[in-house]
2 protein chains.
Amino acid sequence: MPDDNRLLAESLYEQFSRIGKALASPKRLELLYMLGQGERSVEALAKATDSPVANISQHLQVLRRARLVETRRTGARIWYRLAGPAVSNLVVSLQAVAEQRLAEVGQIARTFLNDADALEPVDREELLRRVRDGSVTVLDVRPHTEYGEGRLPRALSVPLEELTARLAEVPRNREVVAYCRGPYCVLALKAVEILRANGYRALRLDLGVVEWRSRGWQLEI
Amino acid sequence: MPDDNRLLAESLYEQFSRIGKALASPKRLELLYMLGQGERSVEALAKATDSPVANISQHLQVLRRARLVETRRTGARIWYRLAGPAVSNLVVSLQAVAEQRLAEVGQIARTFLNDADALEPVDREELLRRVRDGSVTVLDVRPHTEYGEGRLPRALSVPLEELTARLAEVPRNREVVAYCRGPYCVLALKAVEILRANGYRALRLDLGVVEWRSRGWQLEI
DNA sequence: CTGCTATTCTTTAAATCAATTGAATATGGA
DNA sequence: TCCATATTCAATTGATTTAAAGAATAGCAG
């Protein structure tokens, strides 16, 4: 019976490690994070990660064998999506542990985002409260297609490239909060620069739809 | 600048994957889960996993390089512990995804636990409610040492081996809920058998201190 | 049926990883 | 100091994983 328990543990952890192994590659983690934003084709994922299609297809097979993603076919194109919100949560909590435990992550963020408190802005929870109760103007600066797949409640869609031309649409009397794809996305940082240069009170929200959803909050559309 | 973003993403996911790689081995997942129950020495972990000490030591080094565990020395002995509750949560949510997505896990649980609904008893949330409000007798059937490291609130310590001899200490008029190390631990199953054979109304709670803590609930001592 | 596109499969070589063994280190006690 | 204990280190082996590149497949348009 002790041997029996050993066998149980070994079979079980063997299975659990299938999920772990799927999370063991940087490319696959990036794919999972992207899929957390919405369904994508193999080609789109390959372009976004700047990798050969065959390579991305391989990684997607690995994720599919671990049942972390599912597929849907339309014509010759195959669309990948996360197998459920639990998968997205798992990736977010892995990233959270990495941020918490690995000093290197903060170092990289500071280097690339040129922002001392890029990862932990002074009062994120307070900011989130105001985003949720609608007392600030929320700006989604991602491309229109991503906005269409899901966005923070009441967010306005003004992609970064259009921001300068469409400033008139952004009310001047209220504080503006810009967000994009997540804590490591630079679009919102640049949007805040532009807004401030034009006299707005503007802040960056350092999370995206993936993190929003993983807090258990609803997205719009 | 697009190249810059690529470099940012690659550096970041490289770091994130350090955590993923640490989770990619069955042995390491088992070690993490055990450490979620409390601090352990290398020797104790080696015995519990029925592996050579050197092998376990190696795995622990890997976990330490990923900053998932920390150490403390007392004399010649080195004690390992999880680096924080977030690590324990990560392991629990990985197991949750595995249970949810991999049919094999349920299959293994049914085979070894001889219990059709071992993994998802009919009304776990209701049972938890009663455990939390104290309207049932909660029995911790793990060894005394583990009880001493942390237990569910108001739990009585009656290790499985002592149960038959100490039945008199368990009130007959109230329903009894037994728990042990987690959903895949057989101690509580056997305790329930013994209790029922002796006329008790007894149920198994299919979670342990690790899962309890990861729900954000307090442990005793 | 033919060509075209999107994706997957197969094969290769390089890299990494796991388990094992024996040696090395550190601590505490005789 | 010497010995016993607990842990780590180093080197070896075999197995797995990776990226890459070309061949193969599936669906669609003509």
Side-chain angles (χ1 to χ4, degrees), chain A residues 6-7 9-32 34-35 39-81, chain B residues 6-7 9-10 13-32 34-35 39-81:
Chain A
R6 210 54 307 273
L7 196 56
E10 271 165 25
S11 328
L12 251 130
Y13 285 101
E14 186 66 41
Q15 293 299 320
F16 293 158
S17 76
R18 288 173 60 188
I19 310 290
K21 286 186 217 286
L23 304 177
S25 138
K27 276 266 155 63
R28 285 198 294 269
L29 286 175
E30 191 174 2
L31 292 173
L32 286 174
M34 292 184 139
L35 291 173
E39 205 178 36
R40 295 281 184 280
S41 68
V42 179
E43 191 186 23
L45 292 167
K47 185 178 294 180
T49 57
D50 193 29
S51 306
V53 173
N55 187 345
I56 294 305
S57 172
Q58 300 275 53
H59 281 302
L60 290 168
Q61 302 308 310
V62 174
L63 292 174
R64 196 168 54 171
R65 279 194 292 274
R67 310 283 168 75
L68 297 182
V69 301
E70 294 170 340
T71 57
R72 178 175 74 93
R73 171 160 228 149
T74 64
R77 189 165 274 125
I78 294 183
W79 297 89
Y80 279 80
R81 62 171 181 277
Chain B
R6 220 31 330 261
L7 196 55
E10 270 165 26
Y13 284 102
E14 187 66 40
Q15 293 300 321
F16 294 158
S17 76
R18 287 173 60 189
I19 310 290
K21 285 188 219 287
L23 304 177
S25 136
K27 277 266 154 64
R28 286 199 293 270
L29 286 175
E30 191 174 2
L31 292 173
L32 287 173
M34 292 184 140
L35 291 172
E39 206 178 35
R40 295 281 184 280
S41 69
V42 179
E43 191 186 23
L45 292 167
K47 185 179 294 180
T49 57
D50 194 28
S51 307
V53 173
N55 187 345
I56 294 306
S57 173
Q58 301 273 52
H59 280 302
L60 289 168
Q61 303 309 310
V62 175
L63 292 175
R64 195 167 55 172
R65 279 194 291 273
R67 311 282 170 75
L68 297 182
V69 301
E70 294 170 341
T71 58
R72 177 176 76 93
R73 170 163 228 148
T74 64
R77 191 165 273 123
I78 295 182
W79 298 89
Y80 279 80
R81 61 171 180 279

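Only heavy atoms go into these numbers, but all of them, side chains included; no hydrogens, no water, no symmetry mates. We name chains A, B, ... by the order of the sequence lines, and we start the count at 1 in each one.
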May I have the distance from R72(A) (atom CZ) to dA6(C) (atom C1'), rounded to whole angstrom?
15 Å
Would you kindly give the NZ-to-P distance between K21(B) and dT16(D), to the nearest whole Å?
18 Å
Between E43(B) (CD) and dT8(D) (P), how many Å, whole number?
12 Å
Taking any heavy-atom pair under 4.0 Å as a contact, classify S41(A): base, sugar-phosphate, or nothing.
sugar-phosphate
Counting only side-chain heavy atoms from C-beta out, which of dT8(D), dT8(C), dT17(D) sits nearest to V42(B)?
dT8(D)
Pick out the pairs of N or O atoms, protein on one side and nucleotides 9-12 of chain D on the other, that lie under 3.5 Å.
from, atom 1, to, atom 2, distance (Å)
dA10(D), N6, Q58(B), NE2, 3.4

Would a 4.5 Å heavy-atom cut-off, applied to side chains only, mark E14(A) and E10(A) as touching?
no
If you check the H59(A) side chain, which of dC17(C), dA19(D), dT7(D) turns out closest?
dA19(D)
Using a heavy-atom cut-off of under 4.0 Å over every strand shown, decide if S25(B) touches base, sugar-phosphate, or nothing.
sugar-phosphate
Out of dT8(C), dA6(C), dA19(D), minimum distance to the side chain of V53(A) belongs to dT8(C)
Using the salt bridge (Lys or Arg N to Asp or Glu O under 4.0 Å) criterion, which residues pair with R77(B)? Sequence neighbours excluded.
E43(B)
Does Y80(B) place a side-chain N or O at less than 4.0 Å from the phosphate oxygens OP1/OP2 of dA6(D)?
no
Provide, to the nearest angstrom, the distance between the CZ atom belonging to R73(A) and the C1' atom belonging to dT25(D).
9 Å
For R18(A) and dT17(D), give me the distance from atom CZ to atom C1', rounded to whole Å.
17 Å
Could you measure the distance from the CD1 atom of I56(A) to the OG atom of S41(A)? Nearest 0.5 Å is fine.
11.5 Å
Gap between atoms CH2 and P, on W79(B) and dT27(C) respectively (whole Å):
17 Å
Across all chains, not counting sequence neighbours, the side chain to side chain contact (heavy atoms under 4.5 Å, CB included) partners of Q61(A) are S57(A), R64(A), R65(A), Y80(A)
Between A22(A) and A66(A), what is the shortest heavy-atom contact and its length?
CB-CB, 3.8 Å
Give a yes or no answer on whether the side chain of R28(A) reaches the backbone of E30(A) with a donor-acceptor pair at less than 3.5 Å.
no
Spacing between L60(A) atom CG and dA6(C) atom C1', to the nearest angstrom:
13 Å
Spacing of OG1 belonging to T49(A) relative to OH belonging to Y13(B), to within rounding of 0.5 Å:
11.0 Å
From CG of N55(A) across to P of dA21(D) the rounded distance in Å is 10 Å
Which residue lies toward the 5' end of DNA chain D, R28(A) or R77(B), if each is placed at its nearest nucleotide?
R77(B)
